[in-house]
Amino acid sequence: MDPFGGPLQPNAPAYHPPVRILLLGGTAEARDLAARLTSADIPHVSSLAGRVSTPRLPFGSVRVGGFGGVEGLVAFMRDGGFSHLIDATHPFAATMSDHAAEASRVLGVPLIRLERPGWGDRSDAAIWHWESDLTQVRDRAEALGMRPFITSGRQTLHAFASWRLRTVLVRVVEPLAVQAPATWTVIEDRGPYQRADELALLQAHRIDVLITKDSGGSHTSAKLDAAAELGVPVVVLRRPPAAATATVVTNVDDCLTALREAPSEG
């Protein structure tokens, strides 16, 4: 058996134990991977940013909180003897992903980016309005409707602060840090969501434009199905690009394969 729980293949690369993985998580994919690593008795630590007060905890060892920038991440990995780094954070956790890429470079450890596929392959994605930054998203949505549904997360809401006279529906996982304008309705909820419920929500609030980011996956995609059925235009924030130094995979099986093909130094 190789260090990642699979059979050794002919001509497989040699491994240099000990294998110890730092898994930057917070996503469903990261939890699935942590469960697989735990089942195979592969040493790892899952790290969560701590931005959600009641996160869904993965199997295995877990730490919560930031590292204090690249230097802190490098020190944590060096002190912990980590041989591999997996970035399975949210597709829009750009700062953490940048820090992971730099820490990987400094330490000379393999970096694997586990990122769920986006929604760009959907049949209706061609008629969405794709934008590269939040200012463009806001301006496009303003031109399309007066009753927006914002599903792009708490950290994007500053871009829409000027909408104090618009009837706005916002859905977030955690309570807002500041008081929302009186014309806004804020829903605290966490997916997965169902198509029938999303249809009812858009109809009840007479939504005429949906704002989202290209998070991908099935947990929150029902709103897109509802928008398509109702003819509601969709404005999408594009993903930031993955680090050029990372091996990018889109599922847990491919991540485990990439781990087998990226032996640690030593």
Side-chain angles (χ1 to χ4, degrees), residues 2-6 9 12-38 40-51 55 58-118 214-217 238-266:
D2 70 25
F4 304 107
Q9 300 297 319
Y15 288 91
H16 304 275
V19 170
R20 183 165 163 81
I21 299 166
L22 179 59
L23 171 55
L24 306 177
T27 59
E29 292 78 14
R31 291 190 294 274
D32 290 346
L33 178 58
R36 295 277 293 274
L37 295 174
T38 300
D41 292 325
I42 299 169
H44 69 282
V45 174
S46 294
S47 178
L48 308 181
R51 290 177 176 167
F59 287 98
S61 300
V62 180
R63 71 172 297 279
V64 178
F67 293 98
V70 174
E71 291 184 0
L73 177 57
V74 167
F76 181 83
M77 292 191 64
R78 182 178 287 129
D79 294 345
F82 290 98
S83 61
H84 296 73
L85 178 59
I86 301 176
D87 176 13
T89 58
H90 191 275
F92 285 84
T95 298
M96 189 68 251
S97 292
D98 288 344
H99 290 178
E102 181 62 12
S104 168
R105 185 193 67 79
V106 170
L107 294 170
V109 301
L111 171 63
I112 298 171
R113 172 63 173 151
L114 172 56
E115 183 175 273
R116 72 179 74 114
D214 188 21
S215 298
R238 297 182 186 275
R239 291 183 176 188
T245 56
T247 298
V248 181
V249 296
T250 59
N251 60 69
V252 171
D253 285 338
D254 286 349
C255 186
L256 292 171
T257 297
L259 281 168
R260 295 187 185 103
E261 296 173 351
S264 59
E265 298 295 327

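As a basis for the values below, the full set of heavy atoms in this structure was taken, side chains included, without hydrogen atoms, waters or symmetry mates. Residue numbers run from 1 in the order of the sequence given.
Between the R63 side chain and the G65 main chain, a donor and an acceptor come within less than 3.5 Å of each other. Remark: side-chain polar atoms of R20 are not paired, donor with acceptor, to backbone N or O of G81 under 3.5 angstrom. Proximity of a side-chain donor or acceptor of T247 to a complementary backbone N or O of I112 within less than 3.5 Å is not detected. A distance-only check finds a donor-acceptor pair linking the side chain of S104 to the backbone of V109 [under 3.5 Å]. Here the side chain of R116 pairs a donor or acceptor atom with the backbone of S215 at under 3.5 angstrom.
Between I86 and C255, the shortest heavy-atom distance links the atoms CD1-SG, 4.0 Å. Between S46 and F59, the closest heavy-atom pair is OG-O, 4.4 Å. For F76 against L22, the heavy-atom pair with the smallest separation is CE2-CD1, 3.8 Å. Nearest approach of A103 to L73, heavy atoms of both residues: CB-CD2, 3.6 Å. Listed here is the closest heavy atom pair of H84 and M77: O-CE, 4.3 Å. Contact record, G26 with L48: N-CD2, 3.5 Å, taken as the closest heavy-atom pair.
Here OG of S83 is found 6.5 Å from CD1 of I21. Values are rounded to the nearest 0.5 Å. To the nearest 0.5 angstrom, H90 atom NE2 is 8.0 Å from R239 atom CZ. Rounded to the nearest 0.5 Å, atoms CZ (R105) and CG (L111) are 12.5 Å apart. Atoms NE2 and OG1, from H44 and T38 in turn, are 3.5 Å apart once rounded to the nearest 0.5 Å.
Here S97 pairs with D87, T89, R113 under the side chain to side chain contact (heavy atoms under 4.5 Å, CB included) rule; sequence neighbours left out.
At a threshold of 4.5 Å between non-hydrogen side-chain atoms, the residues E102 and V106 count as touching. Side-chain contact between V70 and D98: absent, with no pair of heavy atoms (C-beta onward) separated by less than 4.5 Å. When side chains are defined from C-beta on, L114 does not count as touching D254, because their heavy atoms never get closer than 4.5 Å. Using a 4.5 Å cut-off on side-chain heavy atoms (C-beta onward), E29 and T250 make no contact.
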